[in-house]
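One structure is given here, and the rest of the page talks about it.
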Amino acid sequence: MVILQWCKMQIMCLLILIYVGYIYMREGFLLDRVTKKSNCNRIFDAMFIFADLAVLFDGVTACTVNFTDQIPRSLNVALHFFMFLPYDIFAILLFMYWLSVTVGIPKSKWGKYGCVLPGVIAIALTIWFLPELDFIKGTYTNYSMGKSVYACFACVIIYCVLTIGLVITQYRYIPKNKTRALATTLACIIFILSLQVVFPEVLLTSVAIAMITISIYLNMENPAIHGLEHYQHEMVMGFATLVENKDDNTGGHIRRSSAYAVLIAKELRKREKYKKVITRDYLDNLEQSAPMHDIGKIGIPDAILQKPGKLTAEEFDKMKEHPVIGGTIIRDTFGHLFNGEYENMAYQVATYHHEKWNGKGYPEGLSGTDIPLCARIMAVADVFDAVSAKRCYRDAMPLGKCYGIIESGRGSDFDPDIVDAFMENRDQVEKIYYRERG
């Protein structure tokens, strides 16, 4: 019981982490069985492991430093090494995690090396100065001090500052409904780390590690939330595929056109003009909205949708009603099931994806930027897939001719920026094209 007075805080943090980790693993495995793939970020998995190790050895060393007369110095130093190492690795992984969910981890090996280099240097310095580690007698508890401690905490502080800077500057890539909770957590972490630096005897680092890990779990990596998102996406895709079957298709068009739309949006957000518009929420909503673009075809007679020849003027006029029908269905049916931003985007994609840049489209004859951006993106994705896929009234066109149709519509049918973004990613377009064709 005497030992508990030195490490009760670490024990509490460790028990919480173990419990949350158990739930995370159980729900994650169940989700994997449902989705047929892992939705759990592998970097976060590693973070959880090193968080447990860091808190465990933090508790162990919190005890051993108070028994230096009974525990050999060499063992005490070794135990501190096993505390310092997971702390530094956790800090590196934390930064890499936020890179992965915002701007993405650098693809080049030198970019990756640059991300971990400060941590590697800090770890090397920590090991180098370990023999000089001092054990200081404090007012309430003993604690360790020395250059190895400075190196370890320098690593933690550097990566925490980099992480905070990354989250602040790239907050648009984080879902809006999660930013407030994450901002509160970061503020607490800053306070705890500042307190630890000023008053080294308080030993609150384990609390910071636990808070960071659990906050990311609750806000970003909760398998239950990922499961709901998966079921929601499956419901949307299932309904859209059901409608598409009326058009003598089996879901290939909505999968390909949706993938093209997301690809275009991701390319556009690299450009200064669109950085503030295409946020993480925007991309998520577009991915969910794109499959609904032709939902209005449920109100078009099968005889028109499946006609093997050219439509008459009357039949084409009837076909042109499907955008308005789609928008009405989304507002009346799906608007109560999803958030307002998704409903609005789904409505815009369904209603305006046949508008043209020059104002000669339908149903309202909008032109230029009066057409919502999501609908302008969908227009390019929809037309490219329409001409590159086999239809009941014609065979699929060669890809070269399909690209020519998109280029020829630049500035007339389509937004020039969107055409450029699409054409600059032809290799990715073709990967989607061949993957979805099986």
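All residue numbers refer to positions in the sequence shown, counting from 1. Only this structure's heavy atoms are used, side chains among them; waters, hydrogens and symmetry mates stay out.
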Problem set entry | Main-chain N/O of Gly411 paired with Asp415 side-chain donor or acceptor, under 3.5 Å | no
Problem set entry | Non-hydrogen side-chain atoms of Tyr260 and Ile377 separated by less than 4.5 Å | no
Exercise. Which of these, Leu133, Ile136, Asp134, Thr64, sits in a side chain to side chain contact (heavy atoms under 4.5 Å, CB included) with Ser144?
Worked result: Leu133
Exercise. Can the ring centres of Phe384 and Tyr403 be said to be less than 6.0 Å apart?
Worked result: yes
Problem set entry | Under 3.5 Å side-chain donor-acceptor pair for Tyr24 and Asp45 | yes
Exercise. Just by distance, do the side chain of Asn219 and the backbone of Ser215 share a donor-acceptor pair under 3.5 Å?
Worked result: yes
Exercise. Under the side-chain hydrogen bond (donor to acceptor under 3.5 Å, both in side chains) test, which residues partner Thr126, sequence neighbours left out?
Worked result: none
Exercise. Is the backbone N or O of Leu166 less than 3.5 Å from a side-chain atom of Thr169, with the two atoms forming a donor-acceptor pair by type?
Worked result: yes
Problem set entry | Flag side-chain contact, heavy atom, 4.5 Å: Met292 against Ile329 | no
For this session: For the pair Ile71 and Leu79, evaluate side-chain contact (heavy atoms from CB on, under 4.5 Å) and give the outcome as yes or no after the intermediate values.
Result: CA-CA 11 Å; Ile71 297 175; Leu79 290 172; 5.5 Å; no
For this session: Using a strict cut-off of less than 4.0 Å between a Lys/Arg side-chain nitrogen and an Asp/Glu carboxylate oxygen, indicate whether Asp284 and Arg280 qualify as a salt bridge.
Result: yes
Exercise. Counting only N and O atoms by type, is there a donor-acceptor contact under 3.5 Å from the side chain of Asn76 to the main-chain atoms of Pro72?
Worked result: no
Exercise. In chain order, what residues pass the salt bridge (Lys or Arg N to Asp or Glu O under 4.0 Å) check against Glu424, with sequence neighbours excluded?
Worked result: Arg271
Exercise. Is any side-chain N of the basic residue among Asp417 and Arg376 closer than 4.0 Å to the acidic one's carboxylate O?
Worked result: no
Problem set entry | Non-hydrogen side-chain atoms of Asp413 and Ile405 separated by less than 4.5 Å | no
For this session: Ignoring hydrogens and angles, tell me if any N or O in the side chain of Glu355 forms a donor-acceptor pair with the backbone of Ala375 under 3.5 Å.
Result: no
Exercise. Is it true that a side-chain atom of Ser412 and a backbone atom of Gly409 form a donor plus acceptor pair closer than 3.5 Å?
Worked result: yes
Problem set entry | Option among Ile127, Ile121, Leu125 that satisfies the side chain to side chain contact (heavy atoms under 4.5 Å, CB included) test with Ile123 | Ile127
Exercise. Does the ring centre of Phe129 sit less than 6.0 Å away from the ring centre of Tyr150?
Worked result: no
Exercise. Any side-chain heavy atom of Pro118 within less than 4.5 Å of one from Cys155?
Worked result: no
For this session: Kindly determine whether Lys275 and Glu272 satisfy salt bridge (charged side-chain N to carboxylate O under 4.0 Å, His left out), including the steps that lead there.
Result: CA-CA 5 Å; Lys275 279 185 176 180; Glu272 193 64 35; 3.6 Å; yes
Exercise. Under 6.0 Å between the ring centres of His293 and His253?
Worked result: yes
Problem set entry | Atom CZ of Phe82: over 12 foreign heavy atoms under 6.0 Å | no
Exercise. Do we see a donor-acceptor contact under 3.5 Å between the side chains of Asp58 and Tyr87?
Worked result: yes
